[in-house]
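See below for the structure under consideration.
Because the structure is predicted, anything quoted here is derived from the model rather than measured.
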Amino acid sequence: MSFQPKFEQLNLKERVEPLKVQSVVECKANESYESFAKILSTVAKVTCLGAEALAGELRYSGRVIFNIVYVDNDGKLRKSECGAEFSHRAERPDILPSFAVDMNMEIDSTELKQVNGQLFLSAIVTANAEISVKNSFGYLAGGEGLVFKTEEINVSRSVGSSKGNFEVSEEFDINDAIGDILSYNAEAIVLSTQAGIGCIVSEGEIYLSVTAERASDGEIIGECKIYPFRMELEIEESMPNMKAVSCCNIAGAKFEVVVDTDRNKSAVSVEFNLEIKGEVFDSSAVEKVSDVYSTSNELNLTTQSLSGNNLAATCVFAEKVHGAAVMNEQFENDVRIMFCSNERAN
C-alpha cells in the first residue's frame with residue numbers, strides 16, 4: 001500500500017553568541033597644538049557605516065567625529081572639529097556569510113596627545129554585534145496512507161525586521177544673543193512600540209543639551225530640551241495582533257542659528273537624523289505529527305529540535321543617578337556653576 005507524507009516548512013530566526021570588539025580611531029586636529037591654551041572638553045561621536053559577515057570573520061566600518069571646546073591664546077572660547085573613517089575586522093571561526101549582523105557602536109573613552117607640535121585625538125570604539133541566522137526545516141504534518149497522531153504546539157518567532165532613517169526638525173529660542181554653538185549632546189529613547197498593518201509605530205523622546213557662547217561677553221550658556229517623536233517604520237509582515245520592538249539612534253544633527261540683536265534673542269533650528277530599527281514577532285499554533293504508523297511499510301521516524309528567538313514583553317525603566325564632581329581648582333563661595341556638559345578631557 002502506497003503512502004504520501006505531507007511536510008510543512010518552518011522558519012525561525014535564531015541569535016547566536018554576540019560579538020564585542022574594540023578598535024582605536026585616531027585623528028589630527030586642524031589647528032596646531034600651540035593654538036590650544038586650555039582644552040575644556042572633548043567629545044567623540046561614532047556612526048556605523050556598515051557591517052557584514054564573511055567566512056570566519058566580521059567586517060565593519062564607521063566614522064568618528066571629534067569636537068573640542070577650548071580657550072585660545074587670546075582667552076576666547078573656540079571649538080574645533082575633525083573626523084576620521086575607519087574599518088576593522090574580527091575573527092571568529094563559527095561566523096558564516098549567511099549570518100545577519102546588527103551593529104551598534106559606542107565611544108568607550110577619548111584621549112589627547114601632542115606629537116611634533118600637533119594635537120592628536122584618539123577614541124576607543126566599542127562595537128557590539130548582534131548576530132542572527134535563519135534556520136529552516138521541514139516537519140511532518142500529515143499525509144495519505146498513514147495512521148498518525150497529531151498535537152498542536154505554539155510557536156513564537158520573528159517574522160520581519162527593518163530599519164530606516166527619518167528627519168525630525170525642531171526649534172527653540174535662547175534668551176541671549178549667542179556667538180556660536182560650541183557642542184551638543186543628543187540621545188533618543190524609545191518609550192513604546194506598536195505593530196500596525198504593514199508597519200510599526202515607534203514613539204519616544206529626544207533629549208538634547210546644547211552648550212553655546214554668549215556673544216556679549218563670551219560666557220558659556222546652556223539649554224536642555226526634550227522633544228517627543230512618533231515614527232512609522234515599514235515592515236511588510238507586520239499586523240496589529242503581533243508584538244513589536246524598536247530602538248532609535250541619532251545618526252547626526254544640524255544646527256542653524258538666527259540672532260535677533262534688537263531683542264537680544266537667538267532662534268535655533270535643529271534637524272535630527274534618526275535611525276530606527278524594528279522587529280515584529282508572531283505567535284501561532286502549528287499542528288505536527290507526534291507519532292505515525294503504516295500498516296504496510298516500515299517507517300523510520302526521526303525528531304529534530306530547533307530554537308528561535310521570541311519577544312516575551314517590553315519594559316521601560318527610569319532611574320535617577322547622582323554623584324559628586326571633583327574640581328581640580330579651589331573656588332570661592334560666590335562662584336556659581338553655569339552649565340555642565342560633555343565628557344572630561346583626558
Side-chain angles (χ1 to χ4, degrees), residues 24-47 63-86 107-125 172-186 208-224 252-262 264-270 324-346:
V24 178
V25 181
E26 190 175 74
C27 180
K28 184 177 72 172
N30 297 319
E31 298 81 4
S32 65
Y33 183 76
E34 288 75 15
S35 302
F36 301 92
K38 185 176 183 179
I39 296 177
L40 302 179
S41 72
T42 176
V43 176
K45 295 180 174 66
V46 62
T47 303
R63 180 189 299 114
V64 176
I65 302 295
F66 295 90
N67 174 274
I68 310 169
V69 179
Y70 67 98
V71 179
D72 66 11
N73 295 311
D74 296 326
K76 294 182 179 180
L77 280 172
R78 302 288 186 187
K79 74 173 180 180
S80 176
E81 286 188 349
C82 62
E85 293 189 357
F86 67 94
I107 299 294
D108 186 66
S109 63
T110 58
E111 186 175 322
L112 309 176
K113 64 180 179 180
Q114 183 263 345
V115 179
N116 298 327
Q118 292 290 331
L119 178 66
F120 285 83
L121 305 94
S122 62
I124 297 178
V125 177
F172 63 93
D173 292 330
I174 296 179
N175 293 323
D176 271 304
I178 64 174
D180 197 5
I181 291 180
L182 300 173
S183 66
Y184 77 92
N185 185 54
L208 171 68
S209 65
V210 175
T211 307
E213 176 196 14
R214 190 158 55 199
S216 59
D217 54 12
E219 293 289 346
I220 294 176
I221 58 176
E223 290 284 336
C224 294
K254 295 180 181 179
F255 290 85
E256 183 177 337
V257 180
V258 177
V259 179
D260 187 339
T261 55
D262 295 333
N264 196 39
K265 285 189 175 183
S266 301
V268 181
S269 301
V270 56
V326 179
M327 314 299 287
N328 293 327
E329 302 175 17
Q330 294 293 327
F331 294 100
E332 302 296 333
N333 293 331
D334 59 348
V335 171
R336 65 186 178 89
I337 297 176
M338 295 182 295
F339 191 66
C340 300
S341 67
N342 303 338
E343 304 171 357
R344 86 179 160 88
N346 292 325

Inset, instruction - State whether Tyr184 and Lys45 meet the cation-pi test: NZ (Lys) or CZ (Arg) under 6.0 Å from the six-membered ring centroid, and within 45° of the perpendicular axis. - result: yes
Inset, instruction - Step by step, work out the side-chain contact (heavy atoms from CB on, under 4.5 Å) result for Thr42 and Leu121. - result: CA-CA 9 Å; Thr42 176; Leu121 305 94; 3.7 Å; yes
Legend entry - Gln118 vs Glu34 side-chain heavy atoms within contact, under 4.5 Å: no
Legend entry - Min side-chain heavy-atom separation Phe36-Asn73 under 4.5 Å: no
Legend entry - Separation of Gln114 CD from Ser32 OG (nearest 0.5 Å): 10.0 Å
Legend entry - Side chain to side chain, Arg78 and Lys76, heavy atoms closer than 4.5 Å: yes
Legend entry - Contact check, side chains of Ile124 and Ile107, non-hydrogen atoms, under 4.5 Å: no
Legend entry - Shortest non-hydrogen contact between Val25 and Ala84, atoms and distance: CG1-CB, 4.2 Å
Legend entry - Interatomic spacing from CD in Glu223 to OG1 in Thr211 - rounded to 0.5 Å: 10.5 Å
Inset, instruction - Look only at the side chain of Asp260 and the backbone of Asn264, and say whether a donor-acceptor pair between them is shorter than 3.5 Å. - result: no
Legend entry - Whether over 12 other heavy atoms sit under 6.0 Å from Tyr33 OH: no
Legend entry - Straight-line distance of Asp180 CG to Leu77 CG, nearest 0.5 Å: 10.0 Å
Inset, instruction - Starting at CZ of Phe120, measure out to CG of Leu112 and round the result to the nearest 0.5 Å. - result: 12.0 Å
Inset, instruction - Apply side-chain contact (heavy atoms from CB on, under 4.5 Å) to the pair Ile178 and Val257, showing each step before the final yes or no. - result: CA-CA 8 Å; Ile178 64 174; Val257 180; 3.7 Å; yes
Inset, instruction - Look at the side chain of Asp108 and the backbone N and O of Ala123, then say whether any donor-acceptor pair between them is shorter than 3.5 Å. - result: no
Legend entry - Closest approach of Cys27 to Cys82 (non-hydrogen atoms, all atoms of both residues): SG-SG, 3.0 Å
Legend entry - Euclidean distance, Ile39 CD1 relative to Tyr70 OH, rounded to 0.5 Å: 9.5 Å
Legend entry - Leu208 vs Phe172 side-chain heavy atoms within contact, under 4.5 Å: yes
Inset, instruction - Considering only NZ, NE, NH1 and NH2 on the basic side and carboxylate oxygens on the acidic side, decide whether Asp176 and Lys265 come within less than 4.0 Å. - result: no
Legend entry - Inter-residue atom distance Ile181.CD1 - Ile221.CD1, 0.5 Å rounding: 9.5 Å
Legend entry - Lys/Arg N to Asp/Glu carboxylate O, Arg214 vs Glu219, below 4.0 Å: no
Inset, instruction - For Glu31 and Ser80, test the side chains for any donor-to-acceptor distance below 3.5 angstrom and give the result as yes or no. - result: yes
Inset, instruction - With the side chain counted from C-beta on, respond yes when Ser183 and Val43 share a heavy-atom pair under 4.5 Å apart, and no when they do not. - result: no
Legend entry - Donor-acceptor contact present, side-chain Asn67 to main-chain Leu182, <3.5 Å: yes
Inset, instruction - Could you tell me whether the side chain of Val64 reaches within less than 4.5 Å of the side chain of Val125, counting heavy atoms only? - result: yes
